[in-house]
Amino acid sequence: MTPAALARAVPAAALLLALTACAQDTREPAGPASPAPRRRTATGPAPTPPTGRTTTVNIRLTLDGHPVDATLNDGTAARDFAALLPLTLDLSDFHGTERIADLPRRLDTSGAPDAARARAGDLAYYAPWGNLALYYRDGGSSDSGLVVLGHLADGATERLATAEHITVEAAA
């Protein structure tokens with residue numbers, strides 16, 4: 001080995017030795033009495049969070065005194081809406097399709113799709129106006145600025161058509 005090659009090999013070997021000495025042994029000890037929890041190691045890319053109408057946060061709506069279960073998705077706007085809870089709002093009808101209410105402030109819609117098509121039972125946020133929309137009929141074509149926040153439990157949309165007051169809170 002030439003002196004130049006040796007000069008490069010010695011630091012590389014020292015670095016390799018230091019890295020192996022600092023690495024933790026993640027193997028479990030032998031025997032059934034191991035109190036240490038198993039360590040999980042990454043085996044691939046991190047899973048991407050689901051998008052669209054996937055629901056993850058349970059909420060309770062009270063429409064004119066009648067409780068209705070609903071869920072919020074994991075979008076930025078839905079999380080921002082959940083931060084406003086509990087809310088009590090007055091509802092009004094809009095186009096024979098949805099009940100709407102003004103929110104106390106605008107929601108963060110970063111990362112939201114450009115347009116959504118509302119379906120009966122959807123809770124949505126209409127960003128251009130800054131209001132909450134609860135659909136009791138399908139909304140027709142995709143609407144720019146509409147962000148779906150979540151969905152009412154099946155069979156709960158009938159109460160929306162005539163509801164005048166709503167209370168929204170986190171489910172217990």
Side-chain angles (χ1 to χ4, degrees), residues 26 28 35-172:
T26 59
E28 292 184 350
R38 286 185 182 209
R39 291 186 180 190
R40 297 180 63 154
T41 57
T43 57
T48 38
T51 58
R53 298 179 199 277
T54 302
T55 52
T56 59
V57 177
N58 294 324
I59 59 172
R60 168 71 46 100
L61 307 175
T62 304
L63 299 166
D64 291 336
H66 301 283
V68 175
D69 291 327
T71 49
L72 296 176
N73 63 41
D74 193 33
T76 303
R79 288 191 307 268
D80 198 20
F81 176 71
L84 294 174
L85 303 182
L87 283 175
T88 299
L89 305 167
D90 292 325
L91 298 172
S92 59
D93 194 69
F94 190 74
H95 286 293
T97 305
E98 62 193 276
R99 304 298 284 178
I100 61 171
D102 293 326
L103 292 175
R105 66 168 171 79
R106 293 190 172 272
L107 300 180
D108 179 3
T109 59
S110 59
D114 290 337
R117 181 179 180 269
R119 297 185 299 207
D122 278 349
L123 279 80
Y125 174 68
Y126 189 59
W129 293 354
N131 68 345
L132 180 67
L134 298 106
Y135 284 83
Y136 58 90
R137 290 197 178 107
D138 288 348
S141 62
S142 294
D143 194 349
S144 180
L146 186 69
V147 179
V148 175
L149 303 174
H151 199 78
L152 275 71
D154 290 338
T157 57
E158 298 82 33
R159 293 202 186 279
L160 284 176
T162 58
E164 293 183 10
H165 305 285
I166 184 172
T167 298
V168 187
E169 55 196 342

So, does [X] use its side chain to make a donor-acceptor pair with the main chain of [Y] at under 3.5 Å?
X	Y	result
T97	H95	yes
R106	A127	yes
N131	I100	no
D138	A120	yes
D64	H165	yes
R137	G96	yes

Please find the pair of heavy atoms, one from [X] and one from [Y], that lie closest to each other, and give the distance.
X	Y	value
A78	L72	O-CD1, 3.8 Å
P128	S144	CG-O, 4.3 Å
A161	D93	O-OD1, 4.4 Å

What distance do [X] atom [atom1] and [Y] atom [atom2] have between them, rounded to the nearest 0.5 Å?
X	Y	atom1	atom2	result
L132	I166	CG	CD1	6.5 Å
L149	N73	CG	CG	6.5 Å
T76	L107	OG1	CG	10.5 Å
Y126	D143	OH	CG	4.5 Å
D69	D154	CG	CG	11.5 Å
R159	T62	CZ	OG1	11.0 Å

* Do H151 and D122 have side-chain N/O donor and acceptor atoms under 3.5 Å apart? -> yes

* Structure fact -> Test side-chain contact (heavy atoms from CB on, under 4.5 Å), reference I59, set T71, L152, L85, output is L85

* **Qualifying residue for side-chain contact (heavy atoms from CB on, under 4.5 Å) with Y135, from R119, R99, E98** => E98

* Taking it one step at a time, do L84 and V168 satisfy side-chain contact (heavy atoms from CB on, under 4.5 Å)? -> CA-CA 9 Å; L84 294 174; V168 187; over 6 Å; no

* Stepwise side-chain contact (heavy atoms from CB on, under 4.5 Å) test for E164 and D90 -> CA-CA 6 Å; E164 293 183 10; D90 292 325; over 6 Å; no

* Please walk me through it: do L160 and V68 pass side-chain contact (heavy atoms from CB on, under 4.5 Å)? -> CA-CA 10 Å; L160 284 176; V68 175; over 6 Å; no

